[in-house]
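Being a predicted model, the structure only gives us computed values, none of them experimental.
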Amino acid sequence: MPQNNQTLLEKTVADQWQTLPSGLTVIVRPMPGYSSTHVIFATRFGSIDRDFRLDGKEVHLPAGVAHFLEHKMFEDQDGDAFAKYAKTGANANAFTSFDRTCYLFTATQQLDESLDVLLGMVTHPYFTEQTIAKEQGIIGQEIKMYDDSPDWRLITGLFECLYHEHPIRSDIAGTVESIAEITPEMLYDSCKAFYAPGNMVLAAAGNTTMEQILAACERHGLMRPRSTERVQRLWKPEPMTLAAAHKTLKMPVSKPCFGVGFKEKPLPPNDLRTEALYDLILSCITGGMSPLYRRLYDGGLVNPGFGGEVLRVDGCCCILFTGESDAPDTVRKLLLDEIARIRAEGVDREIFTLCKNEKYGQLIENLENVEDSASQMADFALSGQTVAQQITMLAGLTAEDADAALQHILSTDRMAVMDILPDGTAPLAENEEEAE
């Protein structure tokens, strides 16, 4: 990333970017006058990264390893990292998604000590058969909790319809059966492959400086050169056909939940432009300023949670519309009619501009909050971009780009439908499947 000759936008965003000799990307946004600092240590390792090759060795993981590893990183021979954070006064957490794992904390004091806890626990993993067995029971309870979440079951049900082989079909946390297969060797292999500094990003925003963050990296050996070998992810071929067109599940919900998913062609690595364009298109179709949203909401057909999202990871890109409605078939028909209308007539230019300005506003607003600022930097840095580059890219998107994209996305030939019905509803139609 360029260090000099910054544009006015780059100076306003004030991101400072360095790649260390170890390969670690460090990005810092000093925010003078703020009392707190938010730090994120992120790796490009998520639930979909289950098959890979490193040093000539192939590794095949059961579902849920990335999430399991996230939990185990907080435990070492010296005790629990949360107890260490409690002594520094930092508020710490972590999360795993489909394509990344992030460890984070917010601190208003003893920042150096909290940085040492974070960098120490992530760079020095410690696993035993006994600690793994203990964690399997804890995560097993978490898995059962997600099984009771209709929102999550709706999303995972759509993935199962859209994809034949892609690991996005599997729950991020795995299953009770899959995590029972996890061994210390699997976790150490995953650390070696994906917790290498060249695969990671350290982002900080708030009351700190690049010099302070680099000093912490120096203390933990992250300034030393490391092997440049990259992990090779292994993917099974995924056809553009659907695994299933329709799936129905019964759960104790007060109102039917519905989902419509469209399977799109996977995007090239780091193609954030197309992803942002798709997101703008969805805002024009179902966003809060769209005619369809107002019609559905004012008519009592959907609640405020109705909307669309783009989900894109390696080897997978899909567009999902989800919500709750007493008349899901009516909502689906109106949605498809609106997509067809906008495809034929083009996106409304005024609405496109309003939605685009809204995205601008979100990016700029995030710069005023230490948590949002660090999260935004880490998200874009994992794809090799700065916030300034993302803002510039957004500026270049046009309504004509949206019109062109609409001609080859949201095809009903690649559309799957998912319903969650309240218990005790009428029997399913013959072409519907009742999940266990």
Side-chain angles (χ1 to χ4, degrees), residues 1-44 85 88-94 100-124 195-226 228 363-392:
M1 286 293 161
Q3 302 291 318
N4 303 309
N5 302 320
Q6 288 185 313
T7 65
L8 178 60
L9 175 59
E10 289 169 334
K11 291 178 180 178
T12 302
V13 172
D15 294 347
Q16 299 174 8
W17 183 297
Q18 284 199 31
T19 301
L20 307 188
S22 64
L24 177 67
T25 295
V26 178
I27 185 165
V28 178
R29 183 165 189 264
M31 300 170 69
Y34 283 71
S35 60
S36 63
T37 304
H38 192 70
V39 181
I40 300 177
F41 202 11
T43 177
R44 300 174 183 87
Y85 279 124
T88 70
N91 181 20
N93 209 337
R100 65 196 60 186
T101 305
C102 299
Y103 303 86
L104 50 99
F105 71 80
T106 303
T108 56
Q109 57 186 351
Q110 299 188 66
L111 177 58
D112 287 334
E113 292 80 356
S114 294
L115 283 166
D116 287 339
V117 175
L118 174 66
L119 299 181
M121 76 179 202
V122 175
T123 58
H124 295 87
Y195 281 71
N199 195 53
M200 302 186 74
V201 168
L202 179 64
N207 185 21
T208 188
T209 63
M210 175 63 82
E211 290 71 24
Q212 185 175 23
I213 301 301
L214 293 181
C217 292
E218 177 73 45
R219 291 195 298 272
H220 291 271
L222 292 169
M223 289 295 193
R224 296 195 302 268
R226 304 287 180 89
T228 57
L363 289 171
I364 300 301
E365 182 183 5
N366 288 343
L367 299 176
E368 300 301 315
N369 178 282
V370 294
E371 290 87 355
D372 292 338
S373 185
S375 296
Q376 187 168 259
M377 289 191 304
D379 282 344
F380 295 144
L382 286 170
S383 297
Q385 285 198 350
T386 65
V387 177
Q389 287 172 323
Q390 183 73 4
I391 293 174
T392 301

Query raised in the report: Considering all heavy atoms of both residues, which atom of L115 and which atom of F105 are nearest to each other, and what is their separation?
Result: N-CZ, 3.8 Å

**Report entry** Distance-minimising heavy-atom pair for M210 and W17
**Finding:** CE-N, 4.0 Å

Query raised in the report: Considering only heavy atoms from C-beta outward, does the side chain of D372 approach that of H38 to under 4.5 Å?
Result: no

Requested in this report: For N207, enumerate each residue passing the side-chain contact (heavy atoms from CB on, under 4.5 Å) test, keeping only those at least two apart in sequence or located in another chain.
Outcome: T37

**Report entry** Qualifying residue, where the test is side-chain contact (heavy atoms from CB on, under 4.5 Å) with S36 and the options are T108, N369, L111
**Finding:** T108

Query raised in the report: Got a second to check how far L20's CG is from M200's CE, nearest 0.5 Å?
Result: 12.0 Å

Query raised in the report: From D15 CG over to Q385 CD, what is the distance, rounded to the nearest 0.5 angstrom?
Result: 12.0 Å

Requested in this report: Can you run down the salt bridge (charged side-chain N to carboxylate O under 4.0 Å, His left out) pairs that involve residues 206-215, sequence neighbours left out, and say none if there aren't any?
Outcome: none

Query raised in the report: Between the side chain of R29 and the main-chain N/O of L367, is any donor-acceptor distance below 3.5 Å?
Result: yes

Query raised in the report: For the residue pair R226 and P197, what are the closest heavy atoms and their distance?
Result: NH1-CG, 3.4 Å

Query - Taking every non-hydrogen atom, the tightest pair across Q16 and P30 - result: NE2-CG, 3.6 Å

Show me the side-chain donor-acceptor pairs of residues 212-224 shorter than 3.5 Å, one per line, residues at least two apart or across chains.
| unit_1 | atom_1 | unit_2 | atom_2 | d |
| --- | --- | --- | --- | --- |
| Q212 | OE1 | T208 | OG1 | 2.9 |
| Q212 | NE2 | D112 | OD1 | 3.0 |
| R219 | NE | D116 | OD1 | 3.0 |
| R219 | NH2 | D116 | OD1 | 3.0 |
| H220 | NE2 | D116 | OD1 | 2.9 |

Query - Which residues share a side chain to side chain donor-acceptor pair (under 3.5 Å) with S373, sequence neighbours left out - result: none

Query raised in the report: side-chain contact (heavy atoms from CB on, under 4.5 Å) between L202 and L119: does it pass, once the steps are laid out?
Result: CA-CA 10 Å; L202 179 64; L119 299 181; 4.3 Å; yes

**Report entry** Partner of N199 by side-chain contact (heavy atoms from CB on, under 4.5 Å), out of L24, T43, T25
**Finding:** T43

Report task. Please identify each residue that fulfils side-chain contact (heavy atoms from CB on, under 4.5 Å) with N93, with sequence neighbours left out. Result -> L104

Report summary line: T88 meets the side-chain contact (heavy atoms from CB on, under 4.5 Å) criterion, sequence neighbours left out, with Y85, A90, Q110, E113, S114

Query - side chain to side chain donor-acceptor pair (under 3.5 Å) partners of E365, counting only residues at least two apart - result: none

Report task. Quick one: pull up CD1 in I27 and CD in Q18 and give me the separation to the nearest 0.5 Å. Result -> 11.0 Å

Report task. Name all residues meeting the side chain to side chain donor-acceptor pair (under 3.5 Å) criterion together with D379; count only those two or more places apart in sequence or in a different chain, and write none if there are none. Result -> R100

Query raised in the report: What are the two closest heavy atoms between E368 and M31, and how far apart are they?
Result: C-CE, 4.1 Å

Query raised in the report: When rounded to the nearest 0.5 angstrom, what is the spacing between OG1 in T106 and CG in N91?
Result: 6.0 Å

Report task. Can you measure from CZ (F380) to CD1 (I391) and round to the nearest 0.5 angstrom? Result -> 8.0 Å

Report summary line: Value for SG (C102) from CG (L382), rounded to nearest 0.5 Å, stands at 6.5 Å

Query - Partners meeting side chain to side chain donor-acceptor pair (under 3.5 Å) with Y195 (sequence neighbours left out) - result: Y103

Report summary line: With sequence neighbours left out, the residues meeting side-chain contact (heavy atoms from CB on, under 4.5 Å) with A378 are I40, A203

